[in-house]
Each structure stands twice: as structure tokens, then as C-alpha cells.
Amino acid sequence: MDTFINSIVPMMTPVLFAALGGLFTHLSGLLNIGLEGLMLLSAFFSIYVAHLTHNLFFAVLAGIGISMLLAVFAGFLSLNLRANIFVVGLGVNLFANGFTVMLSSLLFSTKGTVFFQNLPKLSYIEIPLVHRIPYLGPILSGYGALDYLAIGAAVLCAIILYKTPYGYHLRAVGRDEKAAQNAGISVYWHRLYALALSGLFAGLGGCALALPLQTFVGGMTNGRGWIALVAVILGGGKPSGVFIASLIFGAASALSNWLQASAPMSPKLMMTLPFLITLLFMIVKKNNTEEGV
Amino acid sequence: MVTLRDLWRTAFIVGAALGFGLCVILLASERPGDAIYAFFLGPFSNAYFFGNLLASAIPLILTGAAACVSFSASVFNLGLEGQVYLGSFLGVFLTCRFGELPPLVVYPLVFAIVFCCSGTLAALSGYLKRARNVNVLISTLLISYITIYVVDALIETVFIDPTAGLAATPYIHDKFLFARLLPPSDLHSGLFLALALTIILRIIMKKSALGFEITLTGKSPVFARYAGVSVSKVLTLSLFISGGFAGIAGITDIYGIHGRMFRGFSSGYGWNGIAVALIAKNHPLWVIPAALFFAYLENGANVGALLADITPEMARTIQATIFFTVTADALFSLIRKNKGGDAWTPSSTVSSL
Amino acid sequence: MKTVGPYAIEMEGISKVFETNRTVALDRARFRVSKGAIHALVGENGAGKSTLMKILCGLERKNAGEILVDGIPKEIRSVKEAYANGIGMVNQQFHLIEDYTVLENILLGVEKTNRWGLIDRRESAKEVQKLIEMSRLELPAGRKVSELTMGQRQLVEILRILNRAVEILILDEPTSVLSPREIDWLFSIIRELRARGKTIIFISHRLDEVFELCDSITILRNGRDIAEGTLSDFDKKQVSFLMIGEPLGALNPKRSPKQCPVLLRAENLSVRDADRKTEVVRSVNMMLRGHEIAALVGVSNNGKQELVEALSGLRETSSGNIYLKDKKMTGSTPRGFRKAGIAFIPEDRVRMGASVSSSVLDNILATKYFEAPYTKRGWINRKEAGKTAESLIREYRIKGASVHAPLATLSGGNIQRVILAREISSDPSVLILCEPTWGLDHRSCDHIYERLYELAESGKAVLIVSSYLDEALRLANRIFVIYKGEIIAELENSSSLTKIAIGELMLGLGRPLSQGYEGDGSSIKAGSFDGHTS
Amino acid sequence: FSFSVALMVTGEIGGNPIYEMMVSGAESASAELGFELKTVEGGYNSAKWESNLIALAATGKYDLIVTFTEGMPKSVEKAADMFPRQKFALIDGIAAIKPNVYSLGFKDEEMCYLAGYFAGLITLSDLPGANPNLTVGLIGGDTYPAMTDRMKPAFTKGARAVHPDIDVLFSVVGSWSDPKKGKDLAQAQYAQGADIILTIAGGSGVGAIQEALRLNKYIIGVDSNTIPLAPGTILACALKRADLAMNDVMRRAFSSALPYGATERHGIAEGVIGFTFDDPTYLETIPEPIRKQMLEVFDALKNGVIDPLS
Ligand SMILES: Nc1ncnc2c1ncn2[C@@H]1O[C@H](COP(=O)(O)OP(=O)(O)OP(=O)(O)O)[C@@H](O)[C@H]1O
Ligand SMILES: Nc1ncnc2c1ncn2[C@@H]1O[C@H](COP(=O)(O)OP(=O)(O)OP(=O)(O)O)[C@@H](O)[C@H]1O
Ligand SMILES: [Mg+2]
Ligand SMILES: [Mg+2]
């Protein structure tokens, strides 16, 4: 049972990171659907840099950096050249998918799995004292550094969005562009910041996906960027909601994985579980009556 | 008015995008000249490739039109993929069931049932929106995922052709296959169906009361309600039509090319349909050139692989650079400056998600 | 006729062409305001007033011309730069974040932070409370703006600019949604600001207000300034002549009604608010007769909006019934109400009454398309619709590029005309309209009044909801006063009926007002209610 | 070049180890023998594969067109009918008999039987990572007929041949390139009592290896020898030498010795299916008795004494 519960958080982490990134763009009114691609790009570069430098810090930095770069580029396309953000986002996904495999075949001369056993490991952290609490200890403790960071990031995002002027301005921009402009807030810059932040968090998501596995495989995000978008909207545009949505999705996936192994059912039907549970959750939860489709 | 600056900007963007695409080719290809030729001109180099290009535009025209309808009502139907999938599966299943009947009886029957079933799948999200205020974007997406897995499970278990060697349904009878227009290429008479449906859609959107209600609701649901439109009904209906078109896209492709349904059948028809609709700025007729453009990019990649050494990942990278710029305002300034407000702004829809 | 320097603002040769519809909004206009003056900017609908002011505050870019602030040439490219130059503007179309609270809206862009960079809630609340108190207002600082009435929103907009401590304050038609009492409050604030040396630019179509309040004036016509000077050099006739270029016709006389059958009847009508908890309209009984114009007046937040929305089928009723003639309407859809002949013009024009991103034609068609001759077996006859639209544009003198241009490209007044034209032309048997002359210039007001009289004369019932008591008194045969969700008085409009008397009733007082009042709705705290201007 | 071959990959090479092996087999043959090799990646849009095949045949430039997998027979047959003078070879799939088509299938069931038998031996053993539970696992990249009809049953049969009560856990990743999910599934299987897992999941399998490393459990690899990636964790690999097979087909075609019109199925006897008996780590980590038993089963399969399916 502990293992089951313990498996939920790591399953949530990449999705949560990416969803936090998506959240900023959602609130700014320019939803970035390129999270999938940003994660993938960051996953590749973090592995590459980890391989070059054997330094996890640089690896994470590289992952974040490249993903922010692409996100800002997407912002430039959408804000300056007024390209459609949805199409640009699809472009980001396509680009990352192609470009990483291209680089992988150039740099590692394989288009397939890039796996290094000798990379520095992200260790699992037992929180002192906490891990000794009976029952609760094993659930609260014993995750990877990035897992803790993700939860910390959710808290940080909540603070940024609801306690700082920046957060107020950003949400205002998303709520009513004209009104924000009228209050002297720059719509352009806030949207660009939001996209940069989506790059930052999606980048972290990519690192959380690749670094603990010391592996890069082309297309290894497998739709997690899209799930992150679901979490953004399911979470009602709030970091806490996004956290809960990601957690639900993580738990549903864990359940699906768990049941798959021995259920006498078509595995394909088992795989619908995470989506089914998320959908049911959406139907059951109280949806505020604010309009907008 | 188009200023010189606009022209420069346009030239710069297109140049930058193509330049990057060329860099990719130069970097990764051993015979860049051949690769460039094959990618960009290959699809037009002979009737076979050109026929294939047109053939692969057919489902995109239909899914593009499908996306248009829902976007016009400002609902984001992200479940096209699942609706295509369900439509194709049902279509094949029914065609096998009615195998005894002549095609002219089966077609209308199958098209009607497929339209209704795929449409209902999409309209379900409209119902959930109305009953429980569930976000349509998410519910369509989730329902689509679920549909795909369930249909996969059906293909893998109950409706599988054991001799196929892969998860696929049995073939439908040859008499049901659409006529080929340009053999041996894939181009089939479904093209006319797609064009006709798109034009019908355009007429509905432009001339009918329903089309008016859909656009009105899309632009301002509050005003639409005030004006007496039943907003939730219109949303559900637009989803229904959208899903129906997606289903038709799937079964048309099967009648035209594959003759059976198999796992992984709709490789991105739904998603690409969305992109097509966005490039077409939500205008049903612009969907046709946008879909052709998309098909051109895909076939360029394919011809590039056949005649030169373009790999799928190179193709994706090049396609992405084109994606980045196709919707850039500057490119459309020539067309749109004169047309006033018909343009659909991305932020208004995306932010209302 | 000249305004005198030193000037706080000088705008010289300002031109503006809107590319989208190739409209010349401003044509080498000059605009100068003396320091410390209250300066009026007047002109017909579409004259270019708002555009000129938007250029001044960085919301629009000019094509040509130069701006001097305190004699120094300035480029104002964004609202932020305008604030930096001490210029702040209150737009008429509200620019508030609906789901932020009053407090958050007022502080938006100038939040107070503590040393961690976090918003200091306590300090903020204190500051806003102080601001509200200083301006003698009663506004719920913690309430979301979406729950406020239009008048309260206007006050929030004004407070927000006051909080910015600007030197030059632009008010674009601030009075049209305010109650008389609120207007008085605003004027006293404006005068106080002048006393503190600030410069105020005031846009209004109500010349009474202009003459009461302002020191100097600029008159704009078709994008050009055609006169400026101190106000004492002008009289009202002159100004309206300069504005429209022709003398104003005589005022139409008020007409007295015949006794006529009841058209619309509400019986014990109750309505709950959005979260279905409190009753905001309580057992209302009212009747509207053919051949008459009735007015519904009341202080904001007393159920006025909810009542008329219920009467027009847009809001669910919790009990009671609505009858049109003898047909029971309760529970019918908005479309059902429309088809039965009840037309409604809501207070919230931009969101509910129109779709600004749709074309003028579509806006006109929106409430008509489902009936002959515009539709036939589900197909719309666009030619017919175009004809109707063109004729309405002519009749209501709607100024704009074309019927296919988005509504948003029309000036504020012209948007109003489109909405009015649409509803009045639908030939309803009952017309309910909120703020009938909101944002309209003088000539259009008269035109609308004329249309309303015509409607009534042809046997229809008209109910106006107006915060402008002068208008109610001028138009209506009967006046309903709503207070705390109940119709507390139904008054025949005779010469003995005064604004003061109505005002007392609106506040729930049966006797002449001497001290403060305990009403919960009004925004103004204390001070006497002494009717409206002039 | 006097001889030229086109290789139509049904999908993309990236993320698909067996494709990678086959392509490398073809490339080495082309390098050794000096013929022209044109590799075409068909992409994930399977609608394109058949038309690619036809397009390649239509060029008439190639002496032989090679393609893979079990999904392709119908397409190969169609192309072969359209271009009767064009030679085709289908690897890892069996097409109907046509005079211009050669097909070669692999006996995946032998590979999986070997793996299953090995897994059974390990779970019963007293190796440090083995537990008393009679549970072994199989993680597949996806469900497809070869997996459900041959691989999984053979694996189960192999394991039960060691002990009839052995439970086989079966999970499907749904993707060949999702190492994270591979890891999660392995975690679930190990937590449910498995101590050794066979991964037939391409890039997704890497995640399972990581999880095994973390928990000190075991993995059986497939296709190529991956023991050096995680010695001591990947205990053995059941080999499917698709590269050798491909190389061999190319050689035979080059020397005009490929029997067109025939179909063959290669397995242990032909040296295509193998086991990492010679790997030094294997020799080191696996106790003698188990190794001996494995060799016996291997021989029995080779000689047809055991039917890996039933
Ligand atoms: N965004 C816009 N795009 C195109 N045309 C516009 C736009 N805004 C205003 N116009 C046009 O510019 C002209 C001047 O408009 P403006 O809003 O300045 O008038 P106004 O004097 O404020 O009128 P009103 O009294 O009706 O508010 C009008 O003809 C209007 O149609
Ligand atoms: N919420 C809104 N959404 C879209 N367009 C709007 C909105 N509010 C106003 N507009 C349009 O934008 C233009 C500028 O609006 P603004 O309120 O500044 O000027 P205006 O309508 O002339 O105001 P006023 O009535 O005070 O003169 C107007 O033509 C108006 O129709
Ligand atoms: Mg104006
Ligand atoms: Mg065991």
C-alpha cells in the first residue's frame, strides 16, 4: 500500500510542473499548448548537458534555459507577429519532436534510446524526523528532489499569483485586456513573462521526466503536456486546483498501472481509467457558473 | 493599406522560416539539393504524388470544417481525434454488417449513422456543459482519449481480423470502395464529397438561421441569450455537427483508401484539422486551401523520404518552422486589411477556454 | 474667444485615421486646456471626442500632430506614460476587472507592497478605505465589481483615477449612469480638485451639466475643433448650434395619455439573486397600459435591474406571474418573450445589449432574424436584412463606416443608436428600456423621445428605467418607485410632482429629508438630496 | 552500383530498437558487399506505407524492396501484384505466396518461452533479489497480435514449465517510448510480488531497468544483448538477431540465392533466436544449475522437442 501511495507523487511531478507553466499562460489569456514540446526539448538538453558536465545543476539549467528560449520565441511569434498561439504551440510540439531526434542522431548517433548509467543520480530524500512518523512518514517522505521542488513550486506560484502585484497584473491581463491596459499594465510584457514562465516550469517538468531516468527517448513526454493542460483547466486556474488535478491524475494513473498487472481485462480498457476518473471528477465537482466555454 | 514595412516584415518572416528549414536540410542531408527539390517540388513532380497529395487533403478538409463549426461557436472541440476514430470504426462495422446490400443503399445509411454517432459523442460534451458546466475543451479531450482506447480494445478483441497480423478489422467488400480518380495514386471520389460538404457547411454558416445563431453565440453568448438564442442548444448543436463531420472524415478515408479500420488509424487527422481551421481563420472555404497546404507539407516529407534522404524528424522540424509563421498576421495583412472584422482573434478564443 | 494660458495640455494638429474602416476620426484638431480649469469637450456622437482623449492618455496612437504637457512636447505611447505625465482618464465604457474586488480594482497597477514584495493587504485596505471616506462615498471595498451596478462601477472608475493622484483628469461622459445624487457628489469632487489646482476635462452631452460645472469649452465637429473659449462667452443655443451645425428644433411637447387596456401585468412577482438566496424583488404588482410611457426609478441595488430582466424573460422568477395581455408569460424563454412582443434594452449595453465584435448588420439582425421577412424555412434573407439596416442607419443617423464593420468601430453614442434602433424598430407591444438616452447627443435624444411618443401613441406600452430623473419626469405619464425590491409608490406625473419628492421615496423616506438616511443601496453617504442640476 | 535495395521502414527508426537492428543489419550488408541501400522511413502515418511501397516499386530503380512487420503482408501482396517484375522481401511477417515475394518470419514464441523459463528459474532461486513469491512479470510496449497470441502465451508457458503455480503479471505501456511509464509499471509489478520482469517495450523498457536497479530486482532483456547497460540487474537477454537475419537476407539476395515465392520462419535452429549464454556477466551472476537448465531447454526448443505454444 505504501508503495502504491508512494508511486503517486513521482507520477504527478512532471505533469504538475508543466501544468504550473501552463497556468501562467492560461491566466494571461494566451494559453500555451506547446508544453509537450517544451518538456521534450528540456528533457533532451538536460540529459545532454548532464552527460557533458556530470553536473545536475547545469543539466537542469540547460533544460530550463532552452525551453524558456523556445517559449519566448513562441511569444514573439504570437505577440509581435500576431501568429495564432494555438498553431504556434502545435509548431513547438512538432519542432521539439523532430529536432530532439535529429540532434540525438547527430550527437549520440542513435535515433532511439539515449541512456547513460553513469550520470549523477537524483537521490531520494528522506526528510529527517518526518520519515519516522508512523503511517504518514513513508507517504510524506522519500521522494526525489524534483518531486519536492514541484510541490514547493506550486506553493510559490500560489504566492506569486495571489500575493504579489505581478500576479494581480497578470490575472488582470487575462481577464480583461483593455481594462489592464487602462490601468497602465503592459499586456505585451505580461504575456511574454507568462510564456517565459511556462518555459521555465515546462522545462523543469522535462527535467523531472528525464533526469531521474537518466534517459532520453524521442517523444518520451507521451501526451503529458496535454494532460497538464487538462490539469490547468480542471484546476480552475488556481495553483491549488492545479495541484489537486495533477494529484488526481497521478493517483488515477497509479491505480490504472496497479490494476493492469493482474486484471483479467483488456489493458486498453484499463488505460482509460485515468481519463475516466478525471472526467468523472469534473462532472461531480462543483463548477462555478461563470460563462466561457 | 499595405505599407512597405508590412511587406518587408512579411518577407523577413517567410525568409527566416524557410531559411531555418533550409539550414536543417543542409545540416542533416547528404544531398541537400535533392532534398530541397524533393521536399518542396516533389509533390507536384508527377501525377502519382500529386494524386496522393489531394487524397491526403480529403480527411483534413473534413476535420478542418469540423473544427470550424465548433470554433465559430467559440467551443474548442479538441476531441476530433476520437470522433474520427469512432466514426471510422462504426462505419467499417456497419459496412461489414450490411455487406449484402448494394453500396448505394449502404452509403447513405452508414454516413447518416456515423454522422449521428460521432456527432453525439461530441454533443455529449455540450450536454455536460449544460448539465454540470463541465469545460468543453477538457471533456472533449478526455472523452476522445477514452473513445480511442475503447475502440482499440474492440479492434483488438471482438472485431479483429485474425489474419491481418496487426490490430485491424476485416476488410470491407471491394464494392464499397470509392472509385479511384487518378490510379495508381490514392486520390478517390471522396474528394467531391469533402468539397461538397464543406461548401454546404459554408452555406449553412453564412445563410441559415442556425449558422447565424452559431456565430452570434460564438462572438458573445450573453448577447445571444439576450437576443433569444438558446445558447446551450446552439453549443450542443455545433458540437454535434463538428463531431459528425469528424466521423465522416474518418469513414471517407476508409472508403477511399484503406478499406478497413486499424489501430492508430487517424494519425493526427483531428489535430491537424484544428490547425487547418485556425490557418483558415475559421472560414469553411479557406479550409480547402489550408488543408491542401497541410497535405502538401506532409507529402513533401514523404516524397523527400522516397526520393532523397529526408527523415521524419527532419520533416517535422521543417514543418514546424512553417507552422510558426503561417498564421503570422503580416502574411495575411494583404487579404485581411480590406475585410474589416471578419478575422477571428486567437486571444479572444483561447482566453475564453 | 480663447482659452487662456498657461496651458496644462496643448494638442495641435491632431489627426487620426482608423485603418480598419478608413474613418477619419480626427482631422488636424486643436485642443487646449488651461491649467487649473474645468474644461468641457462637447460634440455630436462620433465627433471624435473619445478618440481625441484616448490619444491624450495613450490608448490610441495619433497619425499626426503634437502634444504638449505643461508646455513641453511629449510622446504618449501608453497609458503608463500618460500616468507618468500626470494624465488619467475615466472611460465611459468601463474598464474594470469584473471578478476583482473594488479594492483590487482601485489599486490595480499601484499596489502597496511590503518589503518581501508581497501585497500588503492591511495597508491597502486602509488606504482604500481612507480614499472612500475622504470622497464621502459608501462603496463596499470587498465586493466584486461584477456585483455592482453601473453607477457604482462608474464611481469605482473615478476613485481609481483619484487614487493615482493625477494632475490632469479626463472624464468621458461620467454622468450618464449616475443618479442625480451621485452627479452632485461628482461635481463637488471635481470642484474640490480644481481648488487643489488640478485640471479636469469633462465630456458630456448634457449641456446643463456643462454650463453648471465648467469654466471653458472646446467644441468638436467631424473631427475638427470649431470653437473654443471660456464658457461665459457662450450660451446653450450657441453651443448646440456649433455642435450640429444647424439650429435645434423646438422641444416636443409632452402628450397626455388616453385610458387604455393593460398590456403587461406583473402579479406578486418575486425574483431571487444569482446565488438564489436573497429575494431582490419582492411581490411586485405592476401594470403597464397601452398609450402610456411609464418610468421605473430607484436607487441602485434596489432590484430595478432584476425586475426589468424578469419582465423581459431574461431572469428566472421565484414566484408570481407575468401576463402579456391575458397570456401567461411566466416560465417562457427569452425568445418567447420577444415573440410575444416584449422588447428590452438592458443597462449593460456592451456586454448584453450588443456584440461589439459582430458587424452592425448582425447586431441589428440578432433580435429579428428568426421572423419573417428575414428568415424563411431556416434560411436568412440577408438582402432584406441589409435593407432594414440601411434604412435604420439613415433614420437614426448612425454614423459609421458600413453595416459590415464591427460594432466596436462605432463611437459610443452610435453604438447606443444601433441598439435603440434595433429594438424600437421591432415594433414591440411593450418596450422596456434602461437609460434610453445614455451617451446620446442632444439631437439624438430628441429623436429617441419622439420615437417613444410615437410608440405610445400607437397604443404600445413603454417602460423606461432611468437614473436621470429629469428625463423620467419629462417623458413618463406614471412613475413607479422601487425600494428594497418593492414598488413603494406609483405616481401620476403631474406638475406638482417634484424630483425632491421622488428622491425621498427612492431613499425609502416618507418625509422631507433633513439629516442623513439609512438606506442601504445608495452610494452617497450624507448630504442633502436636492434634486438635479440647474 | 550493380545492385540496389530499398528498405521501407514501417514507422520511424527512432524509438524502435528492433527497427534499428534491422536497419543496421542492412547497412552492414551494404557496406560489406558494396551495394546501394536506400532507407525510407515511412513515418507514423500508416496510411502512407502502402503508397510508399508502390512509389518505390514504380521507380523501377531497385532490385529488391524490403519492408518489415506483420502489418504489411496485405500491402506487399498488393504491390507485388501491381509490379510483377519487382522483387519484394518481407521480414518479420508472412505474406501469401507470390512468385516475386520472399517472406521471413521470426519464431518470437521461442524467444519468449526461453525468457519465461528463465524467469521461472530465477523467481524460484535464492538469488539476493528473488523473493519467495511465485510471480514473474511481462511488460509489453503495446498489445498487438504477435504479443497477445504468441509472446505472452509462450512466456507464460515457459514460466509454468518451471513451476505450474507461477503467476504472470502482464502490463502494457501503450507506447514504445515512455520510459517513465515503463518505470511506473515495473514499480507496480515488483510491488505485487514479481522479482523478474521481461520487457518487450523498446525505449519504455529503460524505465523498468531503472526501477529494477533501485529495488534490486531483475530484468530480462530482449532482441539484443543489453546486459552491459545494467549488469547484475539485467540477468539475461533473449535474443532476436534481426540484424543478422536482415544481413543474411541481403547477402542471399545479392548473390541471387533468395528463394522468391517462398516463406520461411526462423528461430533457434536457424540461429536467429538466441540467449546470452556467453555473456561474461551472465556467467558470473547466474548459478551453474540454472545455466545448465537453460541450455537444456534451449536444445529442446532447437530440436523441436518442446512446443513453445500449445
Ligand atoms: N476603434 C475604432 N475603429 C474604427 N473607427 C473608430 C474606432 N473608434 C472610433 N472610431 C470612429 O471614429 C469616429 C470618432 O469616434 P469617437 O468615439 O471619438 O466619437 P465621440 O465623439 O466620442 O462620439 P460619442 O459621443 O458617440 O461617444 C467615429 O466615426 C467612430 O466610428
Ligand atoms: N468592452 C468592450 N469590448 C469591445 N469594444 C468596446 C468595449 N467597450 C467599448 N468598446 C468599443 O471601443 C471603442 C472605444 O470605446 P470608448 O468607451 O473608449 O469610446 P466611446 O464609445 O466613444 O465612449 P464614450 O461613450 O465615453 O464617448 C468604442 O467604439 C466602443 O464601441
Ligand atoms: Mg465617445
Ligand atoms: Mg519469487
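None of the values given here were measured: they were computed from a predicted structure. Numbers restart at 1 for each chain; the letters A, B, ... are given by sequence-line order, proteins then strands.
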Heavy-atom nearest pair, A:Leu234 first then B:Ile138, reads N-CD1, 3.4 Å
In short, A:Ile283 meets B:Arg132 closest at the heavy-atom pair O-NE, 2.7 Å
To the nearest 0.5 Å, what is the distance between CZ (A:Phe281) and CG (B:Leu142)? 12.5 Å
With a 4.5 angstrom heavy-atom cut-off, is it the side chain or the backbone of A:Thr272 that approaches chain B, or both, or neither? both
Heavy-atom contact with chain A under 4.5 Å, split by part of B:Ile274: side chain
A:Val88, A:Asn93, A:Leu27, A:Leu273: which one forms the most heavy-atom pairs within less than 4.5 Å of chain B? A:Val88
Residue part contacting chain A, namely of B:Leu128, when any heavy atom lies under 4.5 Å: side chain
Minimum heavy-atom distance B:Ala320-A:Gly91, with the two atoms named: CB-O, 3.3 Å
Heavy-atom cut-off 4.5 Å, strictly under: side chain, backbone, both or neither for B:Leu141 against chain A? side chain
If I compare all heavy atoms of A:Gly98 with all of B:Arg316, which pair ends up nearest, and what's the gap? CA-CB, 3.9 Å
So CD of B:Glu313 and OG1 of A:Thr100: to nearest 0.5 Å the spacing works out to 9.0 Å
Which pair of non-hydrogen atoms, one from B:Gln319 and one from A:Leu94, has the smallest distance, and what is that distance? CB-CD2, 3.8 Å
Is the ring pair B:Phe324/A:Phe73 parallel, tilted or perpendicular, if the boundaries are 30 and 60 degrees? perpendicular
B:Arg225, part contacting chain A, at a heavy-atom distance under 4.5 Å: neither
So how far is it from B:Ile279 CD1 to A:Asn84 CG, rounded to the nearest 0.5 Å? 9.0 Å
Which bit of B:Leu78 is near chain A, if near means a heavy-atom gap under 4.5 Å: side chain, backbone, both or neither? side chain
Audit row: B:Tyr145, A:Ile227, side-chain contact (heavy atoms from CB on, under 4.5 Å) steps and yes/no: CA-CA 11 Å; B:Tyr145 280 133; A:Ile227 297 303; 4.2 Å; yes
What distance do A:Trp226 atom CH2 and B:Trp271 atom CH2 have between them, rounded to the nearest 0.5 Å? 3.5 Å
If you tally heavy-atom pairs under 4.5 Å between each of A:Leu106, A:Thr25, A:Val92 and chain B, the highest tally belongs to A:Val92
Is there a side-chain contact between A:Leu276 and B:Tyr149, using heavy atoms and a 4.5 Å cut-off? no
Chain A contact via B:Thr147 - which portion, at a heavy-atom distance below 4.5 Å: neither
Under 4.5 Å from any heavy atom of chain A, what part of B:Ala275 do you find: side chain, backbone, both or neither? both
B:Leu137 CG to A:Ile233 CD1 distance, which is reported to the nearest 0.5 Å: 4.5 Å
Side chains of A:Lys268 and B:Thr157 in contact at under 4.5 Å (non-hydrogen atoms): no
Within 6.0 Å of CZ in B:Phe265, more than 12 heavy atoms from elsewhere: yes
Tell me whether the count of non-hydrogen atoms from other residues, nucleotides or ligands lying under 6.0 Å of OH in B:Tyr127 goes above 12. no
